[in-house]
Amino acid sequence: MSCCPQSNTARAIYPSPGLHTNSLCTPNHSMHQSSPSRLDLGSEDLKREKISFVCQIVRVGRMELRDNNTKKLTSGLRRPFGVAVMDVTDIITGKMDDEDKQHFIPFQPVASENDFLQTVINKVIAAKEVNHKGQGLWVTLKLLPGDIHQIRKDFPHLVDRSTAVARKMGFPEIIMPGDVRNDIYVTLVQGDFDKGSKTTPKNVEVTMSVHDEDGKKLENVIFPGAGDEGILEYKSVIYYQVKQPRWFETIKVAIPIEDVNRSHLRFTFKHRSSQDCKDKSEKNFALSFVKLMRYDGTTLRDGEHDLIVYKAEAKKLEDSTMYLSLASTKPEMEERNPSSGKNTQNLGSFSISKDSFQISTLVCSTKLTQNVDLLGLLKWRSNTSLLQQNLRHLMKVEGGEVVKFLQDTLDALFNIMMENSDSETFDTLVFDALVFIIGLIADRKFHHFNPVLETYIRKHFSATLAYTKLTKVLKNYVENAEKLTEQLLKALKALEYIFKFIVRSRVLFNQCVQISHLADIFYISGLWVCSLQGVKRLFHLLRVRVRVRVRVRVCVCVCVCVDCREILLPLMTEQLKLHLENHEELDSCCQLLSNILEVLYRKDVGPTQWHVQIIMEKLLRTVNRTVISMGRDSPLIVSVSLEQRGANLSLQANCVYCDFLMETFIMFKDLIGKNVYPADWVIMNMMQNKVFLRAINQYAAVLSKKFLDQTNFELQLWNNYFHLAVAFLTQESLQLENFSSDKRAKIFHKYQDMRRQIGFEIRDMWYNLGPHKIKFIPEMVGPILEMTLVPEIELRKATIPIFFDMMQCEFHFRRCFQTFENEIITKLDHEVEGGRGDEQYKVLFQKILLEHCRKHKYLATSGETFVTLVVRLLERLLDYRTIMHDESKENRMSCTVNVLNFYKEIEREEMYIRYLYKLCDLHKECDNYTEAGYTLLLHAKLLKWSEEACAAHLTQRDGYQASTQCQLKDQLYQEIINYFDKGKMWEEAIILGKELAEQYENEMFDFEQLSALLRKQAQFYENIVKVIRPKPDYFAVGYYGMGFPSFLRNKMFICRGKEYERWEDFEARLLTQFPNAEKMKTTTPPSEDIRSSSGQYIQCFTVKPILELPPKFQNKPVSEQIVSFYTVNEVQKFQYSRPVRKGEKDPDNEFANMWIERTTYVTAYKLPGILRWFEVVSVSAEEISPLENAMETMQLTNEKISNMVQRHLNDSGLPINPLSMFLNGIVDPAVMGGFTNYEKAFFTEKYIQEHANDQEKIEKLKDLIAWQIPNLAEGVRIHGEKVTEALRPFHERLEVCFKQLKEKVEKQYGVRTLPPVSDEWRGSRPRSMVRSFTMPSSQRPLSVASVTSISSDNSPSRPGSDG
């Protein structure tokens, strides 16, 4: 088995069918070590969505690979074997590093040897993975930019003379003169062959060869792959017994240009047998052919061709004289016989087969054209009578075809001119054709051919007398400008290259006849004068008749000469002004004006002062207005060259100062905001800024001189100046701290810090305002603040005092500075959030303003209060900005609440609402819908149920469409109710729903909305009693150490855990937020050393919320589902209990000296709230004696028994196992109700004597023990009703134990009886212990629930609310 030459040829296959090209890679390895090859891609190819590197692998050998009897079998057959495909898009686009890396291209064999290789390629490209089983090719690929000459120069170690070069199938973007190419790419596409007399389809082999008109084969003109030697004929791959084979095999045919018109491609078809003896007897059974040159002299058209398949005897198929007179394609046959659909041509010994055969061709030739008009010009000598017609037709040829044959076309034009030197018949037509070609290359589509034209003029142009002809025609156009306006205009557009042709021709002429250089000068000068006269006439003509499109290069060349400037500059400025004012040809005007100024500031062009003055006076204001009117994103923003050059002169212009300065300030600000140069062009940006700075300072001097006194003061003009100066100071390119230290030092050494210079100027201008200052408050507070926030310490020291000046100024006029204070707080928030400001600024601000305020007679107190306020705000905003980049959303939430509480405190409602929505968005990102609802509720509480109009700051979100407070509050309530529904806080949703329903029913009379709301409320009530809600745990978290942010440092918080979140998981999540923190192992308060240390210490433990039952539920039969909600919601107090042993341990009874140390934590607000955690504001500790602990334990046990009994009474379907285990744990003799140890510890004579004050408590404990019996009796009864037969023995033992327990307790502590449970109390849900004891509350010890149900409603329940 071997690989055909094509297996070493890579093709890039694109998603569009049949489109392929060669890729710019260097494959270094194939199945065996192969020589490197270079494959070419254009820039358009690199933009394709996908590029694949494809290897087609063909097996050369027997028909069937498994056949073993080689002597009897045909060999040398080309059979499909497989493909190897690799996606190289990332390598070619530069996304993947290709440096010294080998790539494995998996091999995909054909499923059967009848699979078409093209089909396999398409499947592999579409597939994500290939099951290659370890088979494939190793290659190295490297992207090498440039053409072959450049690459051989830059990468000699990779590309040398032995490297195969696969040229692009198509023309490159630039065809340089001398780059001769004559390649024809032929693709065998597909065929359809009848089986004839055979029982199965034929095994068709196509043989392609190239012949001349005499039938002689052309040798070495067929190339199956890059780097291969030319061959005599090409044989296709054979598909076994396939009626409609599809090959898609591409071969290059390179024929000498002189032989193309006599050559044709011949395709013969032969059946190949697998048996050698049969194969030798097979002859060609059919033939197709196609001529490479059409009857009109043009080359074969690109694209697909349906060739006619002819049949004849084998020997006649090889005789070209027998078939060349026949039609080769079906369209050609139809052209010969247009009237009838049947073939009437004389076929001789040939017959047309029903078989079909299709090829595709692509001609890549710089000598052969497929355009008749262009061909007529290139071969003009063959028919001179049609020369005028051919020259006219040339100007209608498509531009792409002309530039492909640029050198030959130009050669033909100048040959026509020179060979008819005695006649002027063709001069004008040749001149117009030359102008047409130059115009083509000036077009954006073909602008990359400019170097080609330059190269042609410099190296290949040889018409020594062309200058005389070209000059005559140009002169004729100038002298007859009135009649030939259009022709002159086109000629002037092409004047640059016309001149180059004339000058080059004159130089060549001089070299031949040796004329002096002085004569050249006189000749060229005369030509310039002629051209200038033409331009001047053209300007006068076009002023009325047509719109001019100024050609930049011509006018710039003209401006070099002083005399030329005197003639043309006034005309050009007049025309420029006209077009700028009409917004016409802005791109050309911009480029022309910039280039003229560039010339005028050269040192080798004579005096230019007066000419610059002309431009300034006529155009400066026009340019300003044009720039102002253009969009900021326009690519035609005028270059700042005009302003750069005119800064020193513009003030001498005779114009209205105010309007001029106003326009200039606006334009400068616009240009500063839109950088003309890229950000990394540091030197250019600094040069530009230096010119800006000089101009702004000069304008400032004029401003102070002419517009400062009371009569001439212009508020808007001064305002524009300050905004311009601040925009200049704060622009990105001047922020030196963003550069590396080396670059910063170099910039500072050359240009200084321009921020400081303009900042000092702004300060001086502000102080110069005098009594006008009040007019700039509060509008200038924001810009001045932005300036002071620039991180340059000297600038800050110089400009921060302006704030005190503003305070003083407003106080003088209004006896307060509230306007200034409000504005600086608002602007400070936006500036700090945007990244400006730091700790140093806060310190400087405080120090400088406090120094000034304390020296002032009236501002000492109010000023100091203001400074303290701003410093507090700065602290919070800096924390907020720092934390906003933190991954922990919890920290971001805390910081946001910190800021919004501050704004609430200082009554800045609009800022308060702004941060409320920031917090709400954070909650929604974390699915904290309950907290999001509480957050929005704070906004809703600011609104009234009234038709009062909504202030702008109340509707900060686009989603709310409300004009009145009532409408907005309605929308907010509906959104909050949805959030509470998602957070399963239906109790809160019902409260808001009732308030909303009241409005719908009695104020808005919107019964449709009321109906929907009541249905939703009904669903909430049902959810409360039916849906089981998980109870989150609460955790106390302390952040100790100076390493934490200020809003956490040395503070304790109570945190609400997520649903089903355990303490271990919560602690792990907490420590993830602070990876450097150390976990504290005790629950005791930390020492002062830990609090003041630089580290981070986290303390975390579980706390128990204290139930605060609403008054309406007190001492009433309430469903346990209802009460359970309040055990973990609406809570503000939390307890942590820790056992403490006092005295010696009693081995017989550990309860006797087991005290409880109980710590109660009170948070700032109730949980849940706008956060899932709140800071602890008070901590109290108490000790619970062993006796009190026993009372609490018995109380809780009794409540638990009662709850379980109630659940089973109301739900007979509950499983019995939990009840069994619970009852057994109490009545078992080993436990004896759990109170045996209490009797030993507290009911002894010794204890009673030692603790005489506990007598009442002892009686209460006995009472609790007695009350346990009736509850247990009810539980045992229910257990007996529900017990299964399998558990009957267990129940009987349970009854025996309970009987013993009952007898003991009733004998010692008396009998207690539960009242009968009435139907009124027996509902569908279990009832709470709020009513489950018959013992009056005054006679039983207060449980934890009943103690804490007396809630302190004095403390606010939510941040930012009043209760």
Is any side-chain heavy atom of [X] less than 4.5 Å from a side-chain heavy atom of [Y]?
X: Thr1159; Y: Thr1083; answer: no
X: Glu988; Y: Asn1129; answer: no
X: Trp986; Y: Phe1125; answer: no

Decide whether [X] and [Y] meet the rule of one side-chain donor and one side-chain acceptor closer than 3.5 Å.
X: Glu975; Y: Gln971; value: no
X: Asn1023; Y: Gln1019; value: yes
X: Tyr917; Y: His939; value: yes

Tell me if the centroids of the rings in Tyr1126 and Phe1113 come within less than 6.0 Å of each other. yes
Hey, is Lys924 close enough to Asp921 for a salt bridge, meaning N to O under 4.0 Å? yes
Any salt bridge linking Lys842 with Glu839? Criterion: basic side-chain nitrogen under 4.0 Å from a carboxylate oxygen. yes
Say you draw a straight line from OG1 of Thr930 to NZ of Lys984; how long is it, rounded to the nearest 0.5 Å? 10.0 Å
Which residues pass the salt bridge (Lys or Arg N to Asp or Glu O under 4.0 Å) test with Arg1049, sequence neighbours left out? none
For Arg892, give me all partners under salt bridge (Lys or Arg N to Asp or Glu O under 4.0 Å), at least two apart in sequence or on another chain. none
Okay, side chain of Arg881, backbone of Arg836: is any donor-acceptor separation there less than 3.5 Å? yes
Mind jotting down which residue pairs meet the salt bridge (Lys or Arg N to Asp or Glu O under 4.0 Å) criterion with at least one end in residues 1054-1066? Sequence neighbours excluded, please.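 Listed once each, the pairs are Glu1061-Arg1069, Arg1062-Asp1065.
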Among pairs that include at least one residue of residues 1072-1090, which meet salt bridge (Lys or Arg N to Asp or Glu O under 4.0 Å), considering only residues two or more places apart or in two chains?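 Matches after skipping sequence neighbours: Glu1067-Lys1079.
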Quick one: do Arg876 and Glu905 satisfy salt bridge (Lys or Arg N to Asp or Glu O under 4.0 Å)? Show the steps, please. CA-CA 13 Å; Arg876 285 159 174 76; Glu905 176 189 335; 5.6 Å; no
Name every donor-acceptor pair, under 3.5 Å, that has one atom in a side chain of residues 1176-1187 and the other anywhere in the protein, sequence neighbours excluded.
from: Glu1183; atom 1: OE1; to: Lys1142; atom 2: NZ; distance (Å): 2.7
from: Glu1183; atom 1: OE2; to: Lys1142; atom 2: NZ; distance (Å): 3.4
from: Ser1185; atom 1: OG; to: Glu1188; atom 2: N; distance (Å): 3.2
from: Ser1185; atom 1: OG; to: Glu1188; atom 2: OE1; distance (Å): 3.3

Kindly write out the residues that satisfy ring-ring contact (aromatic ring centres under 6.0 Å, His included) with Tyr979, not counting sequence neighbours, or none if the list is empty. none
